[in-house]
Amino acid sequence: MDGSLRLLADRSLASLSLREVAREAGIVPTAFYRHFESMDDLGVALVEEAMRTLRRMIRDARRRPSTDAIESSVQTLVEQVRANESHFRFLTRERYGGTPDVRRAIATELRLFASELATDLGRFPGMAQWSADDLRMGADLMVAAMLSIVLALLEVDRNHAEDELEVIDSARRQLRIIALGMSQWRSTP
């Protein structure tokens, strides 16, 4: 899987051949089938591995006591993207351009991620009485913003610190605007 991620640094999964993956992994092509049924199966496994990174990100943010959840969340997101760029590149590239199985796997994992976030949001003061649908809607907005932030972080030249700081500042402001809107929302159970 690590070899596949290296090959996917600037390519899509659909453009990889089984032979390339096997060569990168140092195995014969027939050995590939001991691990995966198909290239799509490999792609789904890569999605699951990458989404573990996102779930770890949420757990890390929960463990960090903070008076500013948005600041802590943005900091954690930036750290996770920088530590796992190949995973995030794969997810953002394949989310809309991947094979149907891989796109479905990403969509399913993002729904699970948003559900976890909705549960977390329900623990905030003032949101405990929100309906499950409204909590999910707020979580979906935040996940969408986070995905756009991930994409911006991946596109920014890391050698230009001021550009990265601009992305980080924009991320904070986007999430604060969503939070401000949520604070004005009157949920009906």
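Quick note: numbers below take in every heavy atom, side chains included, and nothing from hydrogens, waters or symmetry partners.
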Restricting to pairs with a member in residues 36-48, which pass salt bridge (Lys or Arg N to Asp or Glu O under 4.0 Å), not counting sequence neighbours? none
Any chain of hydrophobic side-chain contacts (each under 4.5 Å) joining Leu46 to Leu112? no
Where the side chain of Arg172 meets the backbone of Val74, is there a donor-acceptor pair that is under 3.5 Å apart? no
Let's go through Glu94 and Thr99 carefully: what are the C-alpha distance in whole Å and the side-chain angles of both, what is the deciding distance for side-chain contact (heavy atoms from CB on, under 4.5 Å) to 0.1 Å, and is it a yes or a no? CA-CA 8 Å; Glu94 301 295 321; Thr99 64; 5.8 Å; no
Examine Val167 and Leu91 and state if one hydrophobic cluster contains both, with Ile, Leu, Val, Met, Phe, Trp and Tyr joined whenever side-chain heavy atoms are less than 4.5 Å apart. yes
From Arg136 atom CZ to Leu121 atom CG, the distance as rounded to the nearest 0.5 Å: 11.0 Å
If hydrophobic clusters are built by linking Ile, Leu, Val, Met, Phe, Trp and Tyr wherever their side-chain heavy atoms come under 4.5 Å apart, do Trp185 and Leu141 end up in the same one? yes
Roughly how far, to the nearest 0.5 Å, is the CZ atom of Arg52 from the CG atom of Asn84? 11.5 Å
Contact summary for Ala179 and Ile70, nearest pair of heavy atoms: CB-CD1, 3.8 Å
Enter the distance from Ser72:OG to Leu77:CG here, rounded to the nearest 0.5 Å. 11.0 Å
Correct closest heavy-atom pair for Gln80 and Phe88 would be O-CE1, 3.4 Å
Evaluate the side-chain contact (heavy atoms from CB on, under 4.5 Å) criterion for residues Arg95 and Leu147: first the C-alpha distance (whole Å), next the side-chain angles of each, then the deciding distance (0.1 Å), finally the verdict. CA-CA 10 Å; Arg95 184 175 180 208; Leu147 288 171; 3.2 Å; yes
Determine whether the side chains of Ser170 and Gln174 contain a donor N or O and an acceptor N or O closer than 3.5 Å. yes
What distance separates Arg111 CZ from Ile106 CD1, expressed to the nearest 0.5 Å? 12.0 Å
Between Ala50 and His87 the two heavy atoms that sit nearest each other are CB-CB, 3.7 Å
Please test Glu79 against Arg82 for salt bridge (charged side-chain N to carboxylate O under 4.0 Å, His left out), starting from the C-alpha separation and ending with a verdict. CA-CA 5 Å; Glu79 289 169 3; Arg82 291 305 177 217; over 6 Å; no
Does atom CZ of Phe36 have more than 12 heavy-atom neighbours from other groups under 6.0 Å away? yes
Please check if the side chain of Ser131 supplies one atom and the backbone of Ser187 the other of a donor-acceptor pair under 3.5 Å. no
Linked, directly or transitively: Leu151 and Phe90 (ILVMFWY side chains, under 4.5 Å): no
Can you tell me how far CG of Leu180 sits from CZ of Arg176, rounded to the nearest 0.5 angstrom? 8.5 Å
Cut-off 3.5 Å, no hydrogens considered: what does the side-chain donor-acceptor table look like for residues 4-11, sequence neighbours left out?
| residue | atom | partner | partner atom | Å |
| --- | --- | --- | --- | --- |
| Arg6 | NE | Glu24 | OE2 | 2.8 |
| Arg6 | NH2 | Glu24 | OE2 | 3.4 |
| Arg11 | NE | Ser15 | OG | 3.4 |
| Arg11 | NH1 | Glu20 | OE2 | 2.9 |
| Arg11 | NH2 | Ser15 | O | 2.8 |
| Arg11 | NH2 | Glu20 | OE1 | 3.1 |
| Arg11 | NH2 | Glu20 | OE2 | 3.2 |

Single-linkage hydrophobic cluster, 4.5 Å side-chain cutoff, Phe124 and Met142 together: yes
Please name the pair of heavy atoms, one in Ala118 and one in Ala139, separated by the smallest distance, quoted to 0.1 Å. N-CB, 3.6 Å
Which heavy atom in Tyr33 sits nearest to a heavy atom in Leu18, and how many Å separate them? OH-CD1, 3.1 Å
Enter the distance from Met39:CE to Leu42:CG here, rounded to the nearest 0.5 Å. 5.5 Å
